[in-house]
Amino acid sequence: IVEVARVCGSVGLSMAAHNSLCTGHILAFGNEEQKNKWLPKLATGQWIGAWGLTEANTGSDAMRMQCVAKQDGDSWVINGAKNWITHGKSGDVAVVLARTGELLDSNGITAFVVERGTPGFKAGKKENKLGMRASSVRLFFIYISFVTAGLWFGVYLTLAFWIRLKDLVRAKRTSVF
């Protein structure tokens, strides 16, 4: 990715978002069923992946996010919006973070895998960025009422997830992000 980014930062950014943020998190935290379902298409480039963390009023501060998910029997209802999402429209699948606990509860965040075409999962307007224009960034609107148990990584994300998230924030400050 670094070599590609030296030639075109936008393409490097797109690759990093796909490889690290979406595919990497499914690889690191998904169960075998999830890995078998999504990784072959993501690894071959047949599908493009997105990562939904950033929000308009909270940025990338996961503990203050306003997008929430409530459990309803065996399903989840996700409601909220994410902003400035690379591959927000072109992505075939997104790892979307939602608050499942109390505000500022670091254990109350869940990662959901949502496929494009899921009712209630819609891309908004394309952001008109100053630079990195080849990397499409969008707003998503989310109101999904039937995410099943097979599409989430777990209510209590592991310490390894938080270490990776901190690495991501550090990388955003210093690399192609």
(request) Compute whether any side-chain donor of one residue and acceptor of the other, for Trp47 and Glu115, lie under 3.5 angstrom apart. (result)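 There is no such pair (donor and acceptor under 3.5 Å, judged by atom type) between the side chains of Trp47 and Glu115.
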(message) Quick check on side-chain contact (heavy atoms from CB on, under 4.5 Å): which of Val95, Ile26, Thr23 does Trp38 satisfy it with?
(response)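 When side-chain contact (heavy atoms from CB on, under 4.5 Å) is applied between Trp38 and each of Val95, Ile26, Thr23, only Ile26 qualifies.
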(request) Check Arg64, Gln66, Lys70 against Arg99 for a side-chain contact (heavy atoms from CB on, under 4.5 Å) and give me the one that passes. (result) Gln66
If you look at every heavy atom in [X] and [Y], which pair is closest and at what distance?
X: Thr86; Y: Ser14; answer: CG2-CA, 4.3 Å
X: Ala69; Y: Ile78; answer: CB-CG1, 4.0 Å
X: Phe121; Y: Ala94; answer: CZ-CB, 4.0 Å
X: Ile85; Y: Trp51; answer: CG2-O, 3.4 Å
X: His87; Y: Ala17; answer: CD2-CB, 4.2 Å

(request) Using the rule that two of Ile, Leu, Val, Met, Phe, Trp, Tyr join whenever any of their side-chain heavy atoms come within less than 4.5 Å, decide whether Leu42 and Leu27 are in one cluster. (result)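 Yes, same cluster.
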(request) With the side chain counted from C-beta on, respond yes when Met65 and Leu53 share a heavy-atom pair under 4.5 Å apart, and no when they do not. (result) yes
Is the side chain of [X] donor-acceptor paired with the backbone N or O of [Y] at a distance under 3.5 Å, no angle test?
X: Thr44; Y: Lys41; result: yes
X: His25; Y: Ser20; result: yes
X: Asp92; Y: Ile48; result: yes

(message) Go through it in stages, so that I can follow the logic: the residues are Leu97 and Cys67, the test is side chain to side chain contact (heavy atoms under 4.5 Å, CB included), and I'd like the CA-CA distance, side-chain angles, deciding distance and then a yes or no.
(response) CA-CA 8 Å; Leu97 275 69; Cys67 180; over 6 Å; no
(request) Flag yes if more than 12 heavy atoms outside Asn36 fall under 6.0 Å of its CG atom; otherwise flag no. (result)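 More than 12 heavy atoms, drawn from other residues, nucleotides or ligands, come within 6.0 Å of this atom.
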